[in-house]
Amino acid sequence: MISQGAKAVKSGKLLENDIERILKSNGYYVETQVKFTDCYNNSRSKMDFYIPELDLAIECKRQMGSGTADQKLPFVVANLNKFPASKGLLVLAGDHYHARKGIAMYLDSQVSDTFNWCFVENFYDFIKNN
């Protein structure tokens with residue numbers, strides 16, 4: 001039997017694979033699991049993707065059912081702003097994020113010249129238009 005944590009890692013990896021495929025199929029060079037020092041001064045943190053051509057860091061989060069993943073989003077936003085890139089993007093997937101309207105409200109309040117977010121189904125259009 002696979003643990004809940006192992007299921008979450010597998011689900012997250014599927015999302016990362018989808019994002020990487022979209023980026024590469026659109027001609028972008030993609031660096032994966034890029035080390036950086038996070039907002040807690042942890043030098044072993046990793047950003048899911050960095051796209052040098054766009055100077056864009058991307059972090060992906062998937063949450064299918066209820067849980068505490070949404071409580072980590074302020075940390076993710078802080079780290080996207082801390083990562084040494086001019087822009088950061090959070091890509092969300094899963095029923096949980098769609099169902100919790102407060103998540104979109106919070107993330108919308110954080111959008112700036114250096115941070116944005118989208119649902120995975122809008123990622124392709126986001127990349128093409130930004």
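Remember, predicted model here, so these are calculated numbers, not experimental data. FYI, side chains are in, hydrogens and waters are out, and symmetry mates aren't considered; it's all heavy atoms of this structure.
Summarising the geometry, atom CD belonging to Glu59 is positioned 15.5 Å from atom CH2 belonging to Trp117; distances are rounded to the nearest 0.5 Å. Here CG of Asn17 is found 10.0 Å from OG1 of Thr32. Values are rounded to the nearest 0.5 Å. The CG atom of Asp18 sits 15.0 Å away from atom OH of Tyr124, with the distance rounded to the nearest 0.5 Å. Going from atom CG of Leu54 over to atom OG of Ser86 covers 9.0 Å, rounded to the nearest 0.5 Å. Taken from CG in Asn122 to CD1 in Ile127, the straight-line distance is 12.0 Å, to the nearest 0.5 Å.
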Can you check side-chain contact (heavy atoms from CB on, under 4.5 Å) on Phe123 and Leu89, steps first, answer last?
-> CA-CA 10 Å; Phe123 178 71; Leu89 177 66; 3.7 Å; yes

Derivation and outcome, side-chain contact (heavy atoms from CB on, under 4.5 Å), residues Thr37 and Asn42 = CA-CA 5 Å; Thr37 301; Asn42 177 0; 6.0 Å; no

Kindly determine whether Val34 and Phe49 satisfy side-chain contact (heavy atoms from CB on, under 4.5 Å), including the steps that lead there.
-> CA-CA 7 Å; Val34 180; Phe49 301 104; over 6 Å; no

Given side-chain contact (heavy atoms from CB on, under 4.5 Å), test Lys61 with Tyr97 step by step and report yes or no.
-> CA-CA 9 Å; Lys61 296 293 177 196; Tyr97 290 128; 3.7 Å; yes

Starting from the C-alpha separation in whole Å, work towards a yes-or-no answer on side-chain hydrogen bond (donor to acceptor under 3.5 Å, both in side chains) for Lys128 and Asn26.
-> CA-CA 9 Å; Lys128 285 304 221 185; Asn26 282 280; 3.2 Å; yes

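Taking the six-membered ring for Trp, Tyr50 and Phe36 have ring centres at least 6.0 Å apart.
Atom OH of Tyr28 has more than 12 heavy atoms from other residues, nucleotides or ligands within 6.0 Å. For Asn129, the CG atom sits in a packed shell: over 12 heavy atoms of surrounding residues, nucleotides or ligands are nearer than 6.0 Å. The number of heavy atoms from other shown groups lying within 6.0 Å of CG (Asp108) is above 12.
Donor-acceptor pairing under 3.5 Å is recorded for the side chains of Thr114 and Asn81. Judged purely by distance below 3.5 Å, without hydrogens or angles, the side chains of His98 and Glu121 pair a donor atom with an acceptor atom.
Residue Phe115 comes nearest to Gln110 through the heavy atom pair CD2-O, 3.4 Å, listed as atom of the first residue, atom of the second, then distance. Taking both residues in full, the closest heavy atoms of Met47 and Leu80 are given as SD-CD2, 3.6 Å, listed atom of the first, atom of the second, then distance. Asp48 and Glu16 get closest at one heavy-atom pair: OD1-OE2, 3.3 Å. Shown here for Ser45 and Asp38, the closest heavy-atom pair between the two residues is OG-OD2, 2.7 Å. Minimum heavy-atom separation, Val30 to Glu20: CG1-CG, 4.4 Å. Shown here for Glu31 and Pro52, the closest heavy-atom pair between the two residues is OE2-CG, 3.5 Å.
Note: the hydrophobic cluster containing Phe83 also contains Leu107 (ILVMFWY, side chain heavy atoms under 4.5 Å, direct or indirect links). Side-chain heavy atoms closer than 4.5 Å link hydrophobic residues (I, L, V, M, F, W, Y) into clusters, and following such links, possibly through other members, connects Ile103 to Phe119.
Inter-residue side-chain proximity for Val91 and Phe126 is flagged as unmet; no heavy-atom pair is nearer than 4.5 Å.
Distance alone, capped at 3.5 Å, places no donor-acceptor pair between the Asn116 side chain and the Val111 backbone. Between the side chain of Asn79 and the main chain of Cys39, a donor-acceptor pair closer than 3.5 Å is present.
When the options Ile22, Ile19, Leu92 are evaluated for a side-chain contact (heavy atoms from CB on, under 4.5 Å) with Val120, the one that passes is Ile19.
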